[in-house]
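Each chain gets a letter, A, B and so on, in the order the sequences are listed, and its residues count up from 1. Worth knowing before you read on, the calculation uses all heavy atoms, side chains too, and leaves out hydrogens, waters and symmetry mates. It should be emphasised that the depicted structure is a prediction, and the values quoted were computed from it without experimental measurement.
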Amino acid sequence: MDIENQLLHHISSAFKSLFDHEVAPEKLALQPTRKEFEGNYTFVLFPFLKVTRLSPEESGKRIGEYLKEQVAIVSDYNVIKGFLNISLEESHWIEVFQRIVSNPDFGQLAPNGEKVMVEYSSPNTNKPLHLGHLRNNFLGYAVSEILQANGFDVIKANLVNDRGIHICKSMVAYQKLSNGETPDSAGIKGDHLAGKYYVLFDKEYKKQIEELVAAGMDKEEAKKQAPWMLEAQEMLIQWEKGNEEVVSLWKTMNGWVYEGFSATYRTMGVDFDKTYYESDTYLLGKDIVAEGLEKGVFFKKPNGSVWVDLTDEGLDEKLVLRADGTSVYITQDMGTADLKYKDFHITRSVYVVGNEQDYHFDVLFKIMRKLGRPYGDGLYHLSYGMVDLPSGKMKSREGTVVDADDLMAEMVDTAREHTQELGKIEGFSEEEAEQLYQTLGMGALKYFLLKVDPKKRMLFNPAESIEFQGNTGPFIQYTHARISAIRRKADQIGLNYGPESLIGLDFIGETEKNLIILLQDYEKKLQTAADEYSPSVIAQYLFDLAKEYNRFYAELPIFSETKGQVQAFRVALSNEVAKTIRKGMKLLGIHVPEKM
RNA sequence: GGUCCUGUAGCUCAACUGGAUAGAGCAACUGCCUUCUAAGCAGUAGGUUUCAGGUUCGAGUCCUGACAGGAUCACCA
């Protein structure tokens, strides 16, 4: 049992013994004492004044006195207004630290037997990835890592949207305008080549609409009748029929795109255990429609279309199958949900998808629960806000996007300039230096996108480059590099700072205690991050830890400290901070350098 | 119009899920490199938490209603 629970049990018995009143420990709560007050944990008395029938001050005094007498590690207490602040013996914090140091599994919780799938990325194969995808991919990857550290068995999945009218648009434009160019012949990455034709399609399509409107056609009608649109639709039909020429072009172009994507994923540092393709799954779900009709979850309208009535859940009626018997988006998603379960027997399923699809997933999850799926309660939509530009929303069709490949390359360039300006690459080989720029540039970018609460939409201003100072990835990386220098020096002079070097330690300073408390918090933060599916909890924590460490670093000397054991303790503490930073940053998909 | 999300320092974000005097970073200003990395540290300044009510010992947090921004409400995906 951890110290907090122990204290709660003691407070519970205090109520019993002092006021003859039963309060279950679970009904009580402690909070960390604010740092402007003396103490480590605070118990708020107001809710219990009815029980104590005494003033807040008097109640606090009685309970505090009881704890001080009964509990060995409680060293002191004070009461301010209705707040009972409890201080713990220094030896307790030293013990906590020793426990962390000698626990090789610290930061990795035991397996909990639950299997969870995290679906993220889910790109369309008609255009390259952009800034919005970066947020999606980094989030999905980080959440996967966080769940894993919490003891889940995690399967990272990617559902590739490789078919549909939008894919045909790129294909039509390619047929018309490419003269057979290939990524090699054009010297363009495959995904960018496909994207180029997607934009060209849209340009020509708009022109055609204008021409039709000028000729007197209604605008809505013109959108349907534009020649290239008709061709794209025909191509989709041919694709579904398996027309050889169309399928062959589709395979070729998708192949180029996959090659491009895998390069981008490599730079991003994300990966997947399973890839699903919509071309395989788009017909799934019809059997579920039949099942739903049978179970009375769905109903049929006179024209033959099938619906689900969700008005009792505060939503409306939603279509699940068209009158002509063909699928809609949600039909396919129902089928895919079952497929995922069939493949892996997952108990939870996380969908990392933008918040414009909140309604869709609300409907999907409610349907799967109505159908009584065993994984129904484990469905979760990790909904994140869009990344907007100062000019507004990004639109691939119109080419107003921040391209993922470009942005990542820019970040690495900025890291290069910055590092060279600071003159910090002495003793680095060419290769090591490039590696460092990569680490720092990607670190800055990932941290920038992950430190914000996922559900908030965020603004990205390309004119203002992402920071390397303050609450940033490089700040935390820098802290790690500093500690690495200390470890190198300790090793060099042969200092032993293992767990055994701490035996008999009997004094620690205020800053050191704060660091121990922060280290102890790591696993709690890890759980919060998993409960909320929010890497920002980890990011914020790592910043606090690094910040506190840097204060320690500036305040207290290590190698000029004369007492050998204090020296060993400070190195051990530094080492533990570095290890925690490394673990935490790994959860965010960020590497930490030994030198920078 | 209905539904959902968001609104905190000039800017970007926190606030332990209802607790004490709302905290960080950036930008501005002042100090600190002859001791382990100054991508750092210490400090100054910056707030009617969009507004108006309500709930209670206590509200940035919960409720109601405005206001502002965004998303969504297709037999599109």
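- Looking at the side chain of A:K547, the nearest of the listed nucleotides B:C75, B:G25, B:A20 is B:G25.
- Taking only side-chain atoms of A:P474, from C-beta outward, the nucleotide of B:G25, B:A39, B:A14 with the closest atom is B:A39.
- The gap from the C1' atom of B:U56 to that of B:C63 amounts to 13 Å, rounded to the nearest Å.
- Taking a 6.0 Å sphere around NZ of A:K286, one finds it holds more than 12 heavy atoms contributed by other residues, nucleotides or ligands.
- Across all strands shown, B:A42 is found opposite B:U30 as a Watson-Crick or G-U wobble partner, with both distances under 3.5 Å.
- Comparing B:A14, B:C75, B:A20 by their closest approach to the side chain of A:A323 singles out B:C75.
- Taking the six-membered ring for Trp and the full ring otherwise, the centers of A:F552 and A:Y549 sit less than 6.0 Å from each other.
- With P as the reference atom, B:G40 and B:G46 are 24 Å apart, rounded to whole Å.
- Checking B:C41, B:U72, B:A39 against every side-chain atom of A:L440, the shortest atom distance belongs to B:A39.
- Side-chain atoms of A:V452 lie closest to B:A14 of the nucleotides B:C41, B:A20, B:A14.
- Nearer the 5' end of RNA chain B, as judged by each residue's closest nucleotide, is the contact made by A:L30, out of A:L30 and A:H166.
- B:A39 and B:U44 have their P atoms separated by 24 Å, with the value rounded to a whole Å.
- Taking 90° from 0 as the syn/anti boundary, the base of B:C41 is oriented anti.
- Distance from the side chain of A:R34 is smallest to B:A20 among B:C75, B:A20, B:C4.
- Using bins of under 30°, 30° to 60° and over 60° for the plane-to-plane angle, the ring pair A:F448/A:F460 lands in the perpendicular bin.
- Distances shown here put a side-chain N or O of A:R322 below 4.0 Å from the OP1 or OP2 atom of B:C76.
- No side-chain heavy atom of A:V79 sits less than 4.5 Å from a side-chain heavy atom of A:P56.
- Nucleotides B:A24 and B:C41 are separated by 12 Å at their P atoms, to the nearest Å.
- Less than 4.0 Å separates RNA chain B from no heavy atom of any residue of residues 48-58 of chain A.
- A donor N or O paired with an acceptor N or O is not found under 3.5 Å between the base of B:A39 and the side-chain atoms of A:T479.
- Side chain of A:Q332, nearest nucleotide from B:A77, B:G19, B:A14: B:A77.
- For B:A14, the OP1/OP2 oxygens have a side-chain nitrogen or oxygen of A:K456 closer than 4.0 Å.
- In the interface, the side chain of A:T419 is paired with the base of B:A39 through a donor and an acceptor atom under 3.5 Å apart.
- Here the side chain of A:P32 is nearest to one of B:G69, B:C16, B:A20, namely B:C16.
- Within the shown strands, nothing qualifies as a pairing partner of B:U55 under the Watson-Crick or G-U definition with both distances less than 3.5 Å.
- At a cut-off of 3.5 angstrom, the base of B:A42 holds no donor-acceptor pair with the side chain of A:N550.
- B:C67 and B:G7 make up a base pair, with Watson-Crick or G-U wobble contacts both under 3.5 Å.
- When the C1' atom is compared between B:C11 and B:G54, the two are found 34 Å apart, to the nearest whole Å.
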| task | Report, as a single string ordered 5' to 3', how protein heavy atoms within less than 4.0 Å touch nucleotides 26-37 of chain B: B base, S sugar-phosphate only, - not at all. | result | S---------BB

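- Of the candidates B:A77, B:U72, B:A14, B:U72 carries the atom nearest the A:E356 side chain, counting heavy atoms from C-beta on.
- A:F543 comes within contact range of the sugar-phosphate backbone alone, with a heavy-atom separation under 4.0 Å but no base atom that close.
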